[in-house]
Amino acid sequence: MSVVTAASPSCPPGLSIDAATDLQKRLAARVVRTDEFGTVRRVTGVDVAYSTVDDRVTCAAVTLDADTLTVTEIATATGVADFPYIPGLFSFRELPIVLEAFDRLSVRPDLVVCDGQGVAHPRRFGLASHLGVVRDIPTIGCAKTCLTGDFVMPADERGAYAPLIDADEIVGSALRTQPRVKPVFVSTGHRIALATAREWTLRLTPRFRLPETTRAADHAVRVAMKALTG
DNA sequence: GCGACAG
DNA sequence: ATCTTGTCGC
């Protein structure tokens, strides 16, 4: 019996840098940048934490009721990150554990928000896009910092945004979710238009800089990690 | 060659 | 990501 549960042809273990890069280029063609979903009742946030004492990583997938933004389900998974952290190949490091946690959710969400980029990526295939394509589900990339592209600082008011441009293409938005805080970088993950991704990000940030989905997942993953460590 | 570089 | 004190603010 195999111990690898999240392995898939779209994110196989043991890939070389070149093979992973090549795979991204091919999978990027499957990304859908237009709205392809119905009523959103449940939104899931995913986040990963790294252990200090060993090489284990933990992921938490937390689902919120889209209307009340209250937590309805929490799923976690712990494993070992075998792929190194390489900007641009980030998903090959985190997606395996993300898939394990995500697949443990009893209810499939209508939308997923990732802590990282979607198509705002050198080859237009960040973590959010990779998860979206692999599970064929609508995803949004909401990162705390920019990976690639240029932008002007958006006005200092909630909702203000500026285009993130890379190679003459708009790949995302620098979105101010709260006044007086740095903007977040929103981009299409899969099956959602950029404007819709911004709208959902704002809807999920009634009070803080980051989406409630990301905050809930971050909190849950810290708790889970603390239980493993001490 | 140099600088940049999600988490 | 993670290592970290105190401090400011609701």
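Protein chains get the first letters and strands the later ones, always in sequence-line order, with residue 1 at the start of each. FYI, side chains are in, hydrogens and waters are out, and symmetry mates aren't considered; it's all heavy atoms of this structure.
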A/L202 atom CG, over 12 foreign heavy atoms within 6.0 Å: yes
Residues of residues 200-223 of chain A with any non-hydrogen atom less than 4.0 angstrom from an atom of DNA chain B: list those, numerically ordered, please. none
Report, as a single string ordered 5' to 3', how protein heavy atoms within less than 4.0 Å touch nucleotides 2-7 of chain B: B base, S sugar-phosphate only, - not at all. ---BBB
SB check A/R42 A/E73 (cutoff 4.0 Å): no
NZ/NE/NH1/NH2 to OD/OE distance under 4.0 Å, A/R203 and A/D67: yes
Go through the side-chain N and O atoms of A/E94 and A/Y85 and say whether any donor and acceptor fall under 3.5 Å apart. no
Could you check if a side-chain atom of A/I192 sits within less than 4.5 angstrom of a side-chain atom of A/F37, using non-hydrogen atoms only? yes
Short N-O contact, A/R135 and A/D103, less than 4.0 angstrom: yes
Beyond-backbone contact of A/L164 with A/D166, side-chain heavy atoms, under 4.5 angstrom: no
Criterion side chain to side chain contact (heavy atoms under 4.5 Å, CB included) against A/T68, the qualifying member of A/V71, A/T72, A/T70: A/T70
Taking the six-membered ring of A/Y161 (Phe, Tyr or Trp), confirm whether the NZ or CZ of A/R198 is under 6.0 Å from its centre and within 45° of its axis. yes
Can you give the dot-bracket line for DNA chain C, where a pair is Watson-Crick or G-U wobble with both atom distances under 3.5 Å, crossing pairs use [ ], and | marks a partner on another strand? ..........
Taking OP1 and OP2 of C/dT2, is either one under 4.0 Å from a side-chain nitrogen or oxygen of A/T52? no
Test log, rule side chain to side chain contact (heavy atoms under 4.5 Å, CB included), inputs A/Q24 and A/L89: CA-CA 9 Å; A/Q24 284 188 324; A/L89 293 178; 3.5 Å; yes
